[in-house]
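In each ligand, atom 1 is the first atom listed, and ligand 1 is the first ligand listed. Predicted, not measured: the structure shown is a model, and the values here were computed from it.
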Amino acid sequence: MTAFSLDPAQTAWCEELRTLADERLRPLAEKGEPGHVNRPLLAALGELGLLDRLLGSGALDLCLLRESLARGCTEAETALALQGLGTYPVVQAGTPAHRERWLPEVRAGRAVAAFALSEPGAGSDAAALALDAVHAPDGWRLTGEKCWISNAPEADFYTVFARTTRGAGARGVTAFLVPADRPGLTGTPLDMLSPHPIGALRFDGVPVTPDDVLGEPDRGFRVAMNTLNLFRPSVGAFAIGMARAALDATVEHTATRTAFGGPLSDLQAVSHQVAEMATRTEAARLLVYAAAAAYDAGEPGVPRRAAMAKLYATETAQYVVDTAVQLHGARALRRGHLLEHLYREVRAPRIYEGASEVQRTIIAKELYANREPSA
Ligand SMILES: Cc1cc2nc3c(=O)[nH]c(=O)nc-3n(C[C@H](O)[C@H](O)[C@H](O)COP(=O)(O)OP(=O)(O)OC[C@H]3O[C@@H](n4cnc5c(N)ncnc54)[C@H](O)[C@@H]3O)c2cc1C
């Protein structure tokens, strides 16, 4: 692969995924209930081997999967990505017993995973998390809350980050694998703008033992960060999939909709906006692929590049979808229109897995850290 084009096998795979998204997955997504886990959709992702592929993927494959599915069916993309986010801590740091119990079920789309880091008092500042793990004779008891947890409260297991050492910041956090049927664990769905299963969790003395620890006690923040480092460029890929879907729809619409005696595309004020949408989408796509390839190659500067990719792609997708709505006129705002759907979907990625402002902080920190001191 050159810098930066996909090879023919990757391009063919992306086309195949797009067709699967359109033909196999979209009909299942349409039968789902917004805000709830769609189990038939997950089972189909399992049958098609996509969840298997997800768990074995490097960052670039993950990006291609997410972008191509998002272009045809955002619900399928999100269902797949959430399985990855919730399961990667197990892949990365789970014991053989954890893997044996959960990975085949996740791969088949039978077990629903969730990643539980955020809390009402700890979002961007995740190291401030306060879910309390109090020592008990057989392990710990978890008490407190998690908030904005995708797939909660319908997930079958949660990777939960809890405070085992008070006052130690990121160094006092432990990752636990908590099955949903543990006593004391309850949850409530949250009704959000994006059509996304999400909820809050309440832990009321939930028992966990050393067998439930992912990695080592007090080393769980690293498990969370390794997971987010892998997924960050792929949030950008999800955004690009949405931007490309909006762009495709806009090219088609502006080429066929007539006004003032000709197609809208004859108006330079329109066609130049479409050109701008395409240019920014392409730039974002290249930035995402380059960040993902750098991650896979273990190159230096990955946090900065991943942050640039996530920042630029999610902000670009917001711009592209908004412009697409403008160029479609009223029909784009009708409930059920592709762009009405994308307009709701495109907003959240600028906030989760590190808000845009947090990405800028990461980029700036690395720039100043690497500054050549002036003579
Ligand atoms: C759809 C959706 C799905 C989610 N899924 C999950 C999930 O599965 N698991 C999970 O654990 N969490 C999840 N989250 C939570 C998400 O990770 C948090 O919303 C995110 O980390 C931001 O935290 P916050 O919302 O508390 O905002 P805050 O931390 O309160 O920040 C609010 C705003 O302040 C500004 N800000 C914050 N910090 C800085 C800074 N350092 N510099 C400059 N400006 C700053 C930014 O504009 C930011 O958007 C999800 C959120 C959404 C919307």
Side chain or backbone, does [X] bring an N or O within less than 3.5 Å of an N or O on ligand 1?
X: Val358; result: no
X: His196; result: no
X: Ile351; result: no
X: Tyr352; result: no
X: Ser194; result: no

Within a strict 4.5 Å, meaning less than it, do heavy atoms of the Arg347 and Ser194 side chains meet?
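Not in contact.
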Heavy-atom side-chain proximity of Leu311 to Arg360 below 4.5 angstrom:
yes
How does Ile198 reach ligand 1, if at all, at less than 4.0 Å between non-hydrogen atoms: by side chain, backbone, both, or neither?
side chain
Do [X] and [Y] belong to the same hydrophobic cluster, where Ile, Leu, Val, Met, Phe, Trp and Tyr are linked whenever their side-chain heavy atoms lie under 4.5 Å apart, directly or via other members?
X: Tyr312; Y: Leu286; value: no
X: Leu48; Y: Leu62; value: yes
X: Val106; Y: Tyr158; value: no

For residues Thr143 and Asp132, is any side-chain donor paired with an opposing acceptor at under 3.5 Å?
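Short answer, no.
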Using atom types as modelled and distance alone, determine if a side-chain donor or acceptor of [X] lies under 3.5 Å from a backbone N or O of [Y].
X: Glu366; Y: Arg304; answer: yes
X: His98; Y: Thr95; answer: yes
X: Gln83; Y: Gly109; answer: no

Against heavy atoms of [X], which atoms of ligand 1 measure under 4.0 Å?
X: Ala355; answer: 48 (C), 49 (O)
X: Ala348; answer: 1 (C)
X: Ser124; answer: 21 (O), 22 (C), 23 (O), 28 (P), 29 (O), 31 (O), 37 (C), 38 (N)

Is [atom] less than 4.0 angstrom from some protein heavy atom?
atom: atom 3 (C) of ligand 1; answer: yes
atom: atom 43 (C) of ligand 1; answer: yes
atom: atom 10 (C) of ligand 1; answer: yes
atom: atom 30 (O) of ligand 1; answer: no
atom: atom 14 (N) of ligand 1; answer: yes

Walk me through whether Arg344 and Glu340 qualify under salt bridge (charged side-chain N to carboxylate O under 4.0 Å, His left out).
CA-CA 7 Å; Arg344 286 184 287 122; Glu340 178 269 339; 2.8 Å; yes
If the plane angle is over 60° it's perpendicular, under 30° parallel, otherwise tilted; pick one for His337 and His328.
perpendicular
Any idea which protein heavy atom is nearest [atom], and the distance to it?
atom: atom 26 (O) of ligand 1; answer: Gly123 CA, 3.4 Å
atom: atom 45 (C) of ligand 1; answer: Glu357 CB, 4.0 Å
atom: atom 50 (C) of ligand 1; answer: Trp148 O, 3.4 Å
atom: atom 5 (N) of ligand 1; answer: Ser150 OG, 2.8 Å

If hydrogens are left out, which of Ala114, Ser118, Ala113, Pro349 has an atom nearest to atom 17 (O) of ligand 1, that is, the closest non-hydrogen atom?
Ser118
Please report the C-alpha distance between Trp140 and Phe176 in whole Å, then the side-chain angles of each, then the deciding distance to 0.1 Å, and finally whether the ring-ring contact (aromatic ring centres under 6.0 Å, His included) criterion is met.
CA-CA 10 Å; Trp140 299 264; Phe176 294 98; 5.2 Å; yes
